[in-house]
There are 2 protein chains.
Amino acid sequence: MQECMDWTSVNFDWNRARAFLVTAEEGSLSAAARALNMAQPTLGRQVSAIEEELGVTLFERVGRGLELTEAGSRLLVHARTMGEAAQSLSLAATGQSKAVEGHVAISATELYSVWVLPRVVRHLRNIAPGITIEVVSSNEISDLKRREADIAIRNTRPDDPDLIGKLIGNDSGTFFASPSYLEKLGPVSTLADLADADFVGFGEFDEFLGALQGFGVPITKANFPTRSASHTAHWDLAKAGLGIGIGPCAMGDADPGLHRVLPTEPQFEYPVWLVAHRELRTNPRVRLVWDVLAEMLPGILQGTP
Amino acid sequence: MQECMDWTSVNFDWNRARAFLVTAEEGSLSAAARALNMAQPTLGRQVSAIEEELGVTLFERVGRGLELTEAGSRLLVHARTMGEAAQSLSLAATGQSKAVEGHVAISATELYSVWVLPRVVRHLRNIAPGITIEVVSSNEISDLKRREADIAIRNTRPDDPDLIGKLIGNDSGTFFASPSYLEKLGPVSTLADLADADFVGFGEFDEFLGALQGFGVPITKANFPTRSASHTAHWDLAKAGLGIGIGPCAMGDADPGLHRVLPTEPQFEYPVWLVAHRELRTNPRVRLVWDVLAEMLPGILQGTP
DNA sequence: CCTGATTTATGCAAGAATGCATGGATTGGA
DNA sequence: TCCAATCCATGCATTCTTGCATAAATCAGG
């Protein structure tokens, strides 16, 4: 243990680093000031101050608005790490705070319940021991207004004005099948080669079939010898070699028991929304779970565990 | 790109996080105040402020001195991440600063020149494009006073009062040999089994032999059929299967062409010092290289690339 | 070309953080 | 047991930062 560390290099004003970070991310001093609930001149002075303190020009004053210099973008990555650590610190702190105790129910589709939520819940248990989590696994659009869940992960924008939503990003799904079935099927180079393939169906049958045909997959009802209303069952049936299934790209790619039928096609894109009661957002423990979900979901969906 | 990010969780006072970090690392408010060139009451108030801001008690006031609470230690890891990022930011900034341009010569032993310095130089080239680096590879104790090098990595504490030194940590070396030679040698379970082994010698012969015998290795001059004054040549001779060589544990463990002769024995421990002119420490570009070395060396020596 | 909206920069008063000096408390050793 | 050293907490004058109001500058669109 080195007792006498040299702190001179961390002796600059960290708040100015924060000013630099959110100014760069938001794109302008005014927007950053709004985001931080501060006055715009304050942020401008902080940015100028850190520029002088570090001896580096971070932004080029080009007309209205600022533009990152090359040095600024190189320094921004470190400011981002600081920001992420600050966010983690803040989240973990509100978790440790004895004020947040109680129960939070998260609703998600079946596949998300087994694919993304376990990690999130594990992390939540670490940073907020006082919170108990309930996972409501359902393919139905869970009714938040009836308190079946406090937070829901959905694939559509919420339309109810009482609900507040946050767009996390886009997830994508594609065709997967077990290696054994792919061997039986023979080589597949285009979607047209799937005319005689077996598919494992799930959910609303006609809607599903229509979507596939819209993508140029030449299939009919005869291509569905197996079928389940449960998405997890559908997934396991595909894994058992009974045909081609559909699931999130990141989930299938991470599963050694499944391979993509085609490397890139087809690509089903759908948005991922976090939804909650507008009033519940102010509840500290729901707010904590919300923030942790918003922090972790993008990484998980992009398949970077 | 999500345009409207939520910055509320990074909206706390980052300087207070810094106060928390160095107070925890230094162990007391007074020591932290000295390290940061601040007054002790200031730091005390900042720590109290962040405790109230986060709603978490970070320190237990126990007599004289503070003691981290459990929540505090859990939050400290995030503060450490912030601090490391802040240090990287600061270093990269002084590197980008156009003030630091010129030449810096680093002296190191032959093995360190090929094992640790390449990574450091690569990193330096990234964060400080204006600095050119010269690696002075020499087993001799390079004379800093004659300007053969600006910074030296040594294994002894500098005794000259004009030189300033910083202890990086301890490195350790042990016996390595190629798989082919280990097979030829047969099973080895204790140091006594090495009485008939071939060693590759290097450096001062008698001193080397004495040190080995002091470790309880039963060898004589007859055990040294091969020998080189160059440490890198000695290393490559061992890699070529000509006998047992000695080198840093982390370096040998990372080399697929070499295995340890014995899993833990013998363990040669030696300190690693960074040395420079006292006056040169104030030179910004030398200071930058010094700081980067101090930051990277511990990780490299412990074999965590 | 001109207008309106939006941005960055500056002046000034209020507020907050800082440093110094000091008091109170605890530990370790003579 | 007492003393010296060390540490944390508090009061107060000073310095620094912040926020508001406003000016100057730039871009988009009619």
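In this text the structure is predicted, and so the values were computed from the model without any measurement. Note on naming: letters A, B, ... go to the chains in the order of the sequence lines (proteins, then strands), and numbering restarts at 1 for each one.
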- [ ] Starting at atom CD of A/Glu60, determine the distance to atom C1' of C/dT7, rounded to an integer number of angstrom.
- [x] 17 Å

TODO: With DNA chain C as reference, determine whether B/Met38 or A/Thr23 sits nearer its 5' end, using the nearest nucleotide of each.
DONE: A/Thr23

Open item on the list: Tell me whether the count of non-hydrogen atoms from other residues, nucleotides or ligands lying under 6.0 Å of CZ in B/Arg61 goes above 12.
Closed with: yes

Task: Rounded distance in Å - CG (A/Leu58) to P (C/dT8) - done: 15 Å

Open item on the list: For a quick test of reading the model: is some side-chain N or O of B/Arg34 closer than 4.0 Å to OP1 or OP2 of D/dT6?
Closed with: no

Open item on the list: Heavy atoms only, 4.0 Å cut-off, all strands: where does A/Ser28 land among base, sugar-phosphate and nothing?
Closed with: sugar-phosphate

TODO: Just compare D/dA9, C/dT8, D/dT18 and give me whichever is closest to any side-chain atom of A/Leu29.
DONE: C/dT8

TODO: Under 4.0 Å between any heavy atoms, over every strand shown, what does B/Gln46 touch: base, sugar-phosphate, or nothing? Just pick one.
DONE: sugar-phosphate

- [ ] In whole angstrom, give the distance that lies between atom CG of A/Asn15 and atom P of D/dC16.
- [x] 17 Å

TODO: Could you tell me whether a side-chain N or O of A/Arg285 sits under 3.5 Å from a main-chain N or O of A/His103, the two making a donor and an acceptor?
DONE: yes

Open item on the list: Rounding to an integer number of Å, can you tell me how far A/Phe59 CZ sits from C/dA9 C1'?
Closed with: 16 Å

- [ ] Could you please name the option among C/dT18, C/dT8, D/dA9 that lies closest to any side-chain atom of A/Leu66?
- [x] C/dT8

Open item on the list: Looking only at the side chain of B/Arg16 (C-beta and beyond, no hydrogens), which of the listed nucleotides C/dA9, C/dA17, D/dC8 gets closest?
Closed with: C/dA17

Open item on the list: Main chain of B/Leu29, side chain of B/Gln40: is a donor-acceptor contact present, judged purely on distance under 3.5 Å?
Closed with: no

Task: Selection from D/dA9, C/dT8, C/dG19 that lies nearest to any side-chain heavy atom of B/Arg61 - done: D/dA9

TODO: Have a look at A/Arg45 and say if it touches a base, only the backbone sugar-phosphate, or nothing, with a 4.0 Å heavy-atom cut-off.
DONE: base

- [ ] Give the rounded distance in Å between these two atoms: CD of B/Gln40 and P of C/dG19.
- [x] 11 Å

TODO: Calculate the interatomic distance between B/Glu67 atom CD and D/dC7 atom P; express it in whole Å.
DONE: 16 Å

Open item on the list: Does a side-chain N or O of A/Thr42 approach OP1 or OP2 of D/dG19 to a distance below 4.0 Å, or not?
Closed with: yes

- [ ] Name the closest nucleotide to the A/Ala39 side chain, picking from D/dA9, C/dG19, D/dG19.
- [x] D/dG19

Task: Spacing of B/Leu43 atom CG relative to C/dA17 atom C1', expressed in whole Å - done: 13 Å

- [ ] Check whether any side-chain heavy atom of B/Leu21 lies under 4.5 Å from a side-chain heavy atom of A/Trp14, and answer yes or no.
- [x] yes

Open item on the list: If the threshold is 4.0 Å, N to carboxylate O, is there a salt bridge linking B/Arg74 and B/Glu70?
Closed with: yes

Task: Nearest-angstrom distance from the residue atom CH2 of A/Trp14 to P of C/dA17 - done: 18 Å

